[in-house]
Number of protein chains: 2
Amino acid sequence: MNIIEKRSGIAFTIKKGDKLKVTDISGQQVSDLVIFNAHDKSEALSAGKTMDFEESILITQRNYLWSNRGNKLMKILEDTNGRNDILLAPCSPETFAIMYDDIPEGQPSCLGNLAANLEPFGISRDEIPTAFNIFMNVQFTKDGQLSVDTPTSHAGDYVLLEALEDLIVGLTACSAPDSNGGSFKTIGYEIL
Amino acid sequence: MNIIEKRSGIAFTIKKGDKLKVTDISGQQVSDLVIFNAHDKSEALSAGKTMDFEESILITQRNYLWSNRGNKLMKILEDTNGRNDILLAPCSPETFAIMYDDIPEGQPSCLGNLAANLEPFGISRDEIPTAFNIFMNVQFTKDGQLSVDTPTSHAGDYVLLEALEDLIVGLTACSAPDSNGGSFKTIGYEIL
């Protein structure tokens with residue numbers, strides 16, 4: 001298993017038919033996943049298309065991740081925890097400034113980690129879409145109020161996704177304290 | 001009042017401090033709003049940042065519309081109906097093919113109308129983000145199931161927004177039957 005160190009990220013390509021397994025090694029950690037068509041990076045994950053076509057806010061096994069062009073990019077084959085988020089954009093320096101009182105400037109963020117790792121693929125920070133936030137536990141009330149709670153995932157929980165196109169993948173071990181109960185941890189991934 | 005004809009769209013620029021009033025002329029119609037920084041179109045409305053920083057799925061008066069860079073682009077000053085959506089991407093030919101049985105090919109869509117009207121501003125179809133869907137009535141259950149219901153808006157209901165930056169604005173009279181109870185209608189707008 002490959003390890004994404006705490007508060008960091010990685011980017012790589014996978015081929016159509018490859019399977020990507022993302023594992024919460026220690027439990028209660030979040031991994032932000034963004035995907036782009038490897039042959040045309042202007043086609044990217046769209047949270048808005050995914051929720052529309054899957055008719056759900058909560059995306060789990062048997063759901064697809066859709067692109068801004070209305071194509072299926074990945075299928076979720078297995079999800080041992082079953083709670084993920086696709087509402088909220090990756091944490092960023094602005095997230096820390098606006099939503100937290102106690103994070104010093106210059107701390108790593110998912111958006112920063114995705115941008116740094118996707119830059120060699122010609123993808124800019126502005127082009128990074130709202131992510132599929134694996135293991136992220138965002139609760140919502142009937143009147144729409146959102147809260148970011150500690151993940152329900154335990155050590156060894158994983159999500160297995162199949163690539164339906166050749167893809168550029170960005171993946172993080174999340175840097176936002178609210179997303180992981182305040183304890184930053186590693187994330188594992190394998191390409192099968 | 002300017003009129004957006006049924007199943008069409010428009011794009012224009014407004015200045016920081018301008019107010020944009022979007023009116024449901026006949027009732028039960030939806031208007032998709034997308035916004036870009038007029039001085040750098042790579043900065044655009046982000047549904048994911050807006051829901052994150054407003055801590056809500058339901059965006060109404062006193063909420064802000066935020067950009068992918070974590071800046072406030074607009075403030076919602078008034079909202080006489082009070083139900084809007086920011087979950088779902090603009091309807092597109094793919095929406096009609098995937099979600100409907102009875103829409104012939106070649107019908108107008110919000111994505112198509114936004115793309116055609118934003119193209120003179122140098123904004124491509126792929127760059128159009130998930131919209132702020134004014135008057136759109138998307139209901140969600142506790143377990144995340146989504147349904148697109150007829151708007152609760154009545155003739156004369158409006159949303160008044162203040163521009164916090166110089167903006168390029170795209171705006172539609174929605175083309176998706178589910179969003180407007182199957183009766184396509186006009187939308188009115190004024191720049192105040």
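Here is the naming used below: chain letters follow the sequence lines, and residue numbers restart at 1 for every chain. The model shown is predicted, which means the values in this text are computed figures rather than measured ones.
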Contact origin within Met51(B) toward chain A - heavy atom pairs under 4.5 Å: both

From CE (Met1(A)) to CD1 (Ile4(A)), nearest 0.5 Å: 11.0 Å

Partner chain A: residue of Gly144(B), Pro129(B), Gly70(B) with the largest heavy-atom pair count (under 4.5 Å): Gly144(B)

Side chain, backbone, both or neither of Phe140(B) within contact of chain A (heavy atoms, under 4.5 Å): side chain

Hey, can you dump all donor-acceptor pairs under 3.5 Å between chain A and chain B, distances included?
| unit_1 | atom_1 | unit_2 | atom_2 | d |
| --- | --- | --- | --- | --- |
| Gly48(A) | O | Ala89(B) | N | 3.4 |
| Lys49(A) | NZ | Pro90(B) | O | 3.1 |
| Lys49(A) | NZ | Ser92(B) | OG | 2.9 |
| Lys49(A) | NZ | Thr95(B) | OG1 | 3.4 |
| Glu55(A) | O | Leu146(B) | N | 3.0 |
| Ser56(A) | OG | Gly144(B) | O | 3.4 |
| Ile57(A) | N | Gly144(B) | O | 2.8 |
| Asn68(A) | ND2 | Asp126(B) | O | 3.2 |
| Arg69(A) | NE | Asp126(B) | OD1 | 3.0 |
| Arg69(A) | NE | Asp126(B) | OD2 | 3.4 |
| Arg69(A) | NH2 | Asp126(B) | OD2 | 2.6 |
| Ala89(A) | N | Gly48(B) | O | 3.4 |
| Pro90(A) | O | Lys49(B) | NZ | 3.1 |
| Ser92(A) | OG | Lys49(B) | NZ | 2.9 |
| Thr95(A) | OG1 | Lys49(B) | NZ | 3.4 |
| Asp126(A) | O | Asn68(B) | ND2 | 3.2 |
| Asp126(A) | OD1 | Arg69(B) | NE | 3.0 |
| Asp126(A) | OD2 | Arg69(B) | NE | 3.4 |
| Asp126(A) | OD2 | Arg69(B) | NH2 | 2.7 |
| Gly144(A) | O | Ser56(B) | OG | 3.4 |
| Gly144(A) | O | Ile57(B) | N | 2.8 |
| Leu146(A) | N | Glu55(B) | O | 3.0 |

Partner chain B: residue of Val138(A), Leu88(A), Leu58(A) with the largest heavy-atom pair count (under 4.5 Å): Leu88(A)

Val22(A) side chain reached by Leu33(A) side chain, heavy atoms, under 4.5 Å: no

Toward chain A, the part of Ile98(B) with a non-hydrogen atom under 4.5 Å: side chain

Residue pair Val169(B) / Leu20(B), side-chain heavy-atom distance below 4.5 Å: yes

Minimum side-chain heavy-atom gap Ile76(A)-Phe132(A) below 4.5 Å: yes

Residue Pro90(B) versus chain A: region with a heavy atom under 4.5 Å: backbone

Min side-chain heavy-atom separation Ile59(A)-Leu65(A) under 4.5 Å: yes

Greatest number of heavy atom pairs closer than 4.5 Å to chain B - which of Leu146(A), Leu87(A), Ile86(A): Leu146(A)

Min side-chain heavy-atom separation Leu73(B)-Leu164(B) under 4.5 Å: no

Ile57(A) vs Ile57(B), side chain to side chain contact (heavy atoms under 4.5 Å, CB included): CA-CA, chis, key distance, verdict: CA-CA 10 Å; Ile57(A) 292 172; Ile57(B) 292 173; 3.9 Å; yes

Linked hydrophobic residues, Leu111(B) as query - side chain contacts closer than 4.5 Å: Val34(B), Phe36(B), Leu114(B), Leu118(B), Phe121(B), Ile123(B), Ile128(B), Ile168(B)

Same cluster (ILVMFWY, side-chain, under 4.5 Å), Ile191(A) and Leu160(A): no

